[in-house]
Amino acid sequence: FAGSHGTSTATCMCAQLFMSADADPTVLAGAVMPSIGGVFRNGSQQTMVFAACEYMDSFLDFNPTVAVVLNAELDHVDYFHSQEQLCTSYARFASRVGEAGTVIYNRDDEQTVAAMRHAGGRHVTFGLCGEADYTAREVRVLEGCAHFELWHRGECLTTIRLRVLGKHNVYNALAACAAAHECGLSAAQLTA
């Protein structure tokens, strides 16, 4: 998972989905994840869920099979001197998946869409707009937390009930569910 914001949260959400599905992921969260008691979990070699930091292009040291880009807002201006430089870096990160890999990105974020036009791999999108592959429909806020139907290409997969606040976390949850589903978790396993 990479992005200017939300990376640690989306990583933790996705890792929790894999752990709840007994998939025994290795996790490098980027922030303390209460269910693992820290930022790192040593699991199997089959699945690794990690937060990839863009600062100084450090995320270019990884070769993921699935790259998730949450957003591409100008950040770390001591290193990234323009939006164009930042977008080029995100495209290079996403292209690390190779032609056989998958790039998952936010269809609602114009900067991200622009950056991903130059990325290799199979493209999968998430967002609140109807054109995204994974979308949230019937979004409701109950006690401050969003509940929504998770749709994938015209099919309702499940209902998601978040325990965290904010519209931004709907995007984080969409990204986490899209990544987990693309990696083989079933619709039923996305409700952790």
Side-chain angles (χ1 to χ4, degrees), residues 1-15 17-18 27-31 47-137 139 146 148 150-153 160 164 166-183:
F1 286 81
S4 303
H5 49 81
T7 309
S8 296
T9 302
T11 301
C12 291
M13 287 177 168
C14 189
L17 291 172
F18 278 99
V27 179
L28 183 54
T47 304
M48 181 174 190
V49 182
F50 63 94
C53 182
E54 75 277 10
Y55 184 60
M56 298 184 74
D57 285 332
S58 61
F59 60 1
L60 299 180
D61 291 332
F62 297 104
N63 294 306
T65 55
V66 175
V68 181
V69 179
L70 301 170
N71 41 64
E73 294 177 18
L74 187 58
D75 195 10
H76 304 295
V77 295
D78 58 324
Y79 180 75
F80 294 111
H81 301 292
S82 68
Q83 183 68 41
E84 182 180 349
Q85 179 191 4
L86 179 84
C87 285
T88 298
S89 289
Y90 275 105
R92 288 177 61 207
F93 167 70
S95 293
R96 307 279 301 171
V97 302
E99 288 305 314
T102 302
V103 179
I104 300 171
Y105 61 94
N106 186 341
R107 174 72 174 79
D108 295 349
D109 184 76
E110 290 179 26
Q111 298 296 341
T112 304
V113 171
M116 296 302 104
R117 283 190 186 111
H118 306 291
R122 185 174 70 89
H123 289 217
V124 174
T125 59
F126 65 90
L128 300 178
C129 70
E131 295 92 32
D133 296 309
Y134 289 88
T135 60
R137 295 187 190 171
V139 180
F148 60 88
L150 174 66
W151 285 71
H152 176 241
R153 297 184 181 137
I160 304 294
V164 290
K167 180 179 178 180
H168 61 286
N169 280 313
V170 173
Y171 282 100
N172 291 335
L174 282 170
C177 288
H181 193 248
E182 291 296 315
C183 288

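Remark: aromatic rings of Phe50 and Phe62 are close, center separation under 6.0 Å.
With hydrogens and angles disregarded, no donor-acceptor distance shorter than 3.5 Å links the side chain of Asn63 to the backbone of Val97. Looking only at distances, a side-chain donor or acceptor of Ser58 sits under 3.5 Å from a matching main-chain atom of Tyr55. No side-chain donor-acceptor contact under 3.5 Å links Thr135 to the backbone of Gly127. Of the possible polar contacts, one joining the Asn106 side chain to the Leu70 backbone as a donor-acceptor pair under 3.5 Å is found. A donor-acceptor contact shorter than 3.5 Å is absent between the side chain of Asn169 and the backbone of Asn172. Side-chain atoms of Asp109 do not come within 3.5 Å of backbone N or O of Asn71 as any donor-acceptor pair. Put simply, the side chain of Arg96 gets close to the backbone of Leu60: a donor and an acceptor are under 3.5 Å apart.
Considering SG of Cys177 and CG of Leu17, their distance stands at 5.5 Å, rounded to 0.5 Å.
You'll find the side chain of Leu174 reaches within 4.5 Å of the side chain of Phe148, heavy atoms only. Residues Arg92 and Phe59 are not in side-chain contact: their nearest non-hydrogen atoms beyond the backbone lie 4.5 Å or more apart. Proximity of Lys167 to Val139: side-chain heavy atoms (C-beta onward) are nowhere separated by under 4.5 Å. Counting heavy atoms from C-beta on, the side chains of Val170 and Leu128 come closer than 4.5 Å.
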Run the numbers on Ile104 and Val66 for side chain to side chain contact (heavy atoms under 4.5 Å, CB included), then give the verdict.
CA-CA 7 Å; Ile104 300 171; Val66 175; 3.7 Å; yes
Does the side chain to side chain contact (heavy atoms under 4.5 Å, CB included) test come out yes or no for Tyr134 and Val124, once each step is laid out?
CA-CA 8 Å; Tyr134 289 88; Val124 174; 3.6 Å; yes
In sequence, state the C-alpha distance, the side-chain angles, and the governing distance for Met116 and Val103, and then conclude on side chain to side chain contact (heavy atoms under 4.5 Å, CB included).
CA-CA 8 Å; Met116 296 302 104; Val103 179; 3.7 Å; yes
Does Thr47 form a side chain to side chain contact (heavy atoms under 4.5 Å, CB included) with Cys183? I'd like the steps, not just the answer.
CA-CA 9 Å; Thr47 304; Cys183 288; over 6 Å; no
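Closest of all the heavy-atom pairs between Ser89 and Asp57 is OG-OD1, 2.6 Å. Annotation for Thr11 and Phe1: closest pair OG1-CB, 3.3 Å, computed over non-hydrogen atoms. The heavy-atom pair separating Cys14 from Ala179 by the smallest distance is SG-CB, 4.1 Å. Cys12 and Ala29 get closest at one heavy-atom pair: SG-CB, 3.7 Å. In terms of heavy atoms, Ser4 sits closest to Ala72 at OG-C, 3.7 Å. Tyr90 and Gly3 make their closest contact through OH-C, 3.1 Å (heavy atoms, listed as atom of the first residue, atom of the second, distance).
Atom CD of Glu84 is surrounded by 12 or fewer heavy atoms from other residues, nucleotides or ligands within 6.0 Å.
The salt bridge (charged side-chain N to carboxylate O under 4.0 Å, His left out) pairs that include a residue from residues 115-129 are Arg122-Glu182, where partners are two or more places apart or lie in different chains. Among residue pairs with one or both ends in residues 96-116, those qualifying as ring pair (Phe, Tyr, Trp, His ring centres under 6.0 Å) are Tyr105-His123; sequence neighbours excluded.
In this pair, His181 and His152 present their aromatic rings perpendicular. The plane angle is above 60°, beyond the 30 to 60° band.
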